[in-house]
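Every number for a ligand or one of its atoms is a count from 1 in the order of the listing. None of the values given here were measured: they were computed from a predicted structure. Both backbone and side-chain heavy atoms feed into the values below; hydrogens, waters and symmetry mates do not.
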Amino acid sequence: MQPNILLVRYGEIFLKGQNRPYFISALVNKVKQAVKPIGAHVFYSDSRIYVRADDLDDCARRVCNVFGVHSVSLAIELDKKDIDVIGEAAVSLLEGKKGTFKINSRRSDKTFPMNSIEISTEVGGRVLEKRPDLVVDIHKPEHVVEVEVRDMVYVHSGRIMGMGGMPIGTSGKAMLLLSGGIDSPVAGFMMAKRGLMLEAIHFASPPYTSEQAKEKVVKLLSILSKYCGNLRMHVVPFTKIQMEIYEKCPEDELTVIMRRFMMRIAQRIAEKTECGALITGESMGQVASQTMLSLNCTNSAVDMLVLRPLIGFDKTDIIDVAEKIDSYETSILPFEDCCTVFTPKHPVTKPKLSHIEKSEQRLDVDALIEDAISGIEIIDVDSEGRI
Ligand code: ATP
Ligand code: MG
């Protein structure tokens, strides 16, 4: 007997109270989207999500990337509630295994004539008949076979851990400021995991930033789409703004003023696209533009909520996540970002908002923003990372 169905478990913390049906239907929809390309069938029954597919391993990989999924198990589904057949299923799941085992049973179908302890004992006995080399250990078994007697019987062994988190969209939608660096894709991933649907914005400064630099950001976007589904990115032409700042403002304030422009434009696009927050990859003290005073100046340019999930992360912690989500290799490709092209030699680390605002008076901020927004290019990727 081979596993023929996938059992999907979801995090229980989010299932309390009135939000339960909303959360579950969102999760079912996300699982459906994730397995659509392989033609799998998803259904919800008896408080559990199930998936039937030809290739259950591929199916499990896809479902484990869905936020809100706690874990999955490849199970043998039996429509016959017969203890001998259940025993055979347990034996086949232990094929090739050595050492100790235990049977764990649960019975929600109370019409089944044995209780859970009796089921475990009977199934364990049948396993030992066929596999006298195995030893029962109920305290620290190497293998656990689980038997669930519900409307059908499910027999499975082992769990593949999912991403956890909450289904995308259940927390609303936010605009991710996506650069080509290591941090912002990780920031986007973390907020998507908390249930936010993402839209992205990228600032490019051609000809100082190359076509390859843009392609790298598109690649990062498609990596994120593996977890987030379809994603849209607004690519904003930023050269003119940077040149104006460069010409008219003090050199050491360049980065902070530039970051304020990014935030303002991001907020404008966020409002147009019904995003309730901005997301950045900023981390306290990482660079001059991320000291507390610099962050305060950046923050003051907008009145929208700004989420900075990496604020308390060390770079090494961020890299760990980047490796886990597979963005690291792309992020370290050596293409320039607009921030690296116009970097002052000695950026202010303790900017004063009043000074920055004064410097900005030399610029026609609104006109520059309008002009940049009118040149936006939109790039869409689907959940398979295709443009
Ligand atoms: P990252 O690794 O994400 O590039 P960083 O450490 O290089 O971050 P900064 O360059 O100061 O830091 O940028 C801080 C944040 O500002 C980024 O995490 C990102 O959210 C946003 N950002 C920076 N450059 C761009 C850009 N070209 N387009 C969109 N957002 C940007
Ligand atoms: Mg950067």
Side-chain angles (χ1 to χ4, degrees), residues 174-192 198-206 208-210 212-221 223-224 231-239 241-242 254-270 275 277-295 297-299 301-302 304 306-311 313-319 321-323 325 327-344 347-349 351 372 376-377 379:
M175 181 65 72
L176 169 67
L177 284 84
L178 184 63
S179 70
I182 297 168
D183 306 331
S184 44
V186 171
F189 170 85
M190 288 180 62
M191 294 322 301
L198 301 185
E199 190 143 338
I201 186 163
H202 174 69
F203 298 88
S205 299
Y208 302 99
T209 59
S210 62
Q212 284 165 305
K214 191 171 102 187
E215 280 164 17
K216 171 182 166 181
V217 183
V218 174
K219 178 81 205 296
L220 290 171
L221 189 73
I223 292 169
L224 279 178
L231 280 174
R232 165 163 289 189
M233 180 164 73
H234 306 257
V235 182
V236 184
F238 208 49
T239 321
I241 290 177
Q242 286 190 296
L254 214 134
T255 311
V256 173
I257 295 177
M258 181 189 79
R259 305 262 322 116
R260 284 165 57 84
F261 269 93
M262 285 188 181
M263 298 298 274
R264 290 189 187 103
I265 294 172
Q267 171 163 336
R268 287 277 294 273
I269 306 303
C275 292
L278 304 177
I279 303 169
T280 75
E282 289 160 315
S283 160
M284 182 61 75
Q286 200 189 72
V287 285
S289 58
Q290 296 174 28
T291 62
M292 191 171 67
L293 292 174
S294 296
L295 287 170
C297 285
T298 312
N299 209 47
V302 289
M304 184 176 258
V306 181
L307 301 169
R308 299 181 175 87
L310 307 182
I311 198 72
F313 272 50
D314 289 352
K315 195 76 182 185
T316 48
D317 302 334
I318 300 171
I319 290 174
V321 185
E323 282 176 336
I325 66 172
S327 60
Y328 184 68
E329 291 301 320
T330 305
S331 286
I332 58 171
L333 293 173
F335 301 121
E336 63 296 323
D337 182 62
C338 67
C339 302
T340 48
V341 180
F342 294 81
T343 318
V348 278
T349 52
I376 282 179
E377 176 199 359
I379 297 177

Would you indicate whether the side-chain heavy atoms of Met263 and Thr280 approach each other to under 4.5 Å?
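Answer yes - side chains close enough.
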Non-hydrogen side-chain atoms of Thr209 and Phe335 separated by less than 4.5 Å:
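When only atoms from C-beta onward are counted, Phe335 and Thr209 do not touch, as no gap falls below 4.5 Å.
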Indicate whether any N or O donor in one side chain lies under 3.5 Å from an N or O acceptor in the other, for Ser179 and Ser184.
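Ser184 and Ser179 do have a side-chain donor-acceptor pair below 3.5 Å.
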Under 4.0 Å from a heavy atom of [X]: give me the atoms of ligand 1 that qualify, with their elements.
{"X": "Gly281", "answer": "17 (C), 18 (O), 20 (O)"}
{"X": "Ser289", "answer": "11 (O)"}
{"X": "Thr280", "answer": "20 (O)"}
{"X": "Gly181", "answer": "1 (P), 2 (O), 4 (O)"}

Which heavy-atom pair separates [X] from [Y] by the least distance, and what is that distance?
{"X": "Ile265", "Y": "Ala372", "result": "CD1-CB, 4.0 Å"}
{"X": "Lys315", "Y": "Asp183", "result": "NZ-OD1, 2.9 Å"}
{"X": "Leu310", "Y": "Gly281", "result": "CD1-O, 3.9 Å"}

Looking at non-hydrogen atoms alone, which of [options] comes nearest to [atom]?
{"atom": "atom 21 (C) of ligand 1", "options": "Glu282, Arg259, Lys315", "answer": "Arg259"}
{"atom": "atom 5 (P) of ligand 1", "options": "Leu176, Asp183, Val186, Thr298", "answer": "Asp183"}
{"atom": "atom 12 (O) of ligand 1", "options": "Lys214, Gln290, Gln286", "answer": "Gln290"}

For the 3.5 Å polar cut-off, considering only N or O atoms, please tell me whether [X] and ligand 1 meet it.
{"X": "Ser184", "result": "yes"}
{"X": "Phe203", "result": "yes"}
{"X": "Ile201", "result": "no"}
{"X": "Ile182", "result": "yes"}
{"X": "Ile279", "result": "no"}

Using heavy atoms and a threshold below 4.0 Å, how should the contact between Leu178 and ligand 1 be classified: side chain, backbone, both, or neither?
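It is the backbone that gets close, since no side chain atom is under 4.0 Å.
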Evaluate the side chain to side chain contact (heavy atoms under 4.5 Å, CB included) criterion for residues Phe238 and Met262: first the C-alpha distance (whole Å), next the side-chain angles of each, then the deciding distance (0.1 Å), finally the verdict.
CA-CA 9 Å; Phe238 208 49; Met262 285 188 181; 3.7 Å; yes
So, applying side-chain contact (heavy atoms from CB on, under 4.5 Å) with Pro351, which one of Leu293, Ile257, Thr255 is it?
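Result: among Leu293, Ile257, Thr255, Leu293 is the only option passing the side-chain contact (heavy atoms from CB on, under 4.5 Å) with Pro351.
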Under the criterion side chain to side chain contact (heavy atoms under 4.5 Å, CB included), I'd like the reasoning laid out for Val235 against Met233: C-alpha separation, chi angles, the key distance, then a yes or no.
CA-CA 6 Å; Val235 182; Met233 180 164 73; 3.9 Å; yes
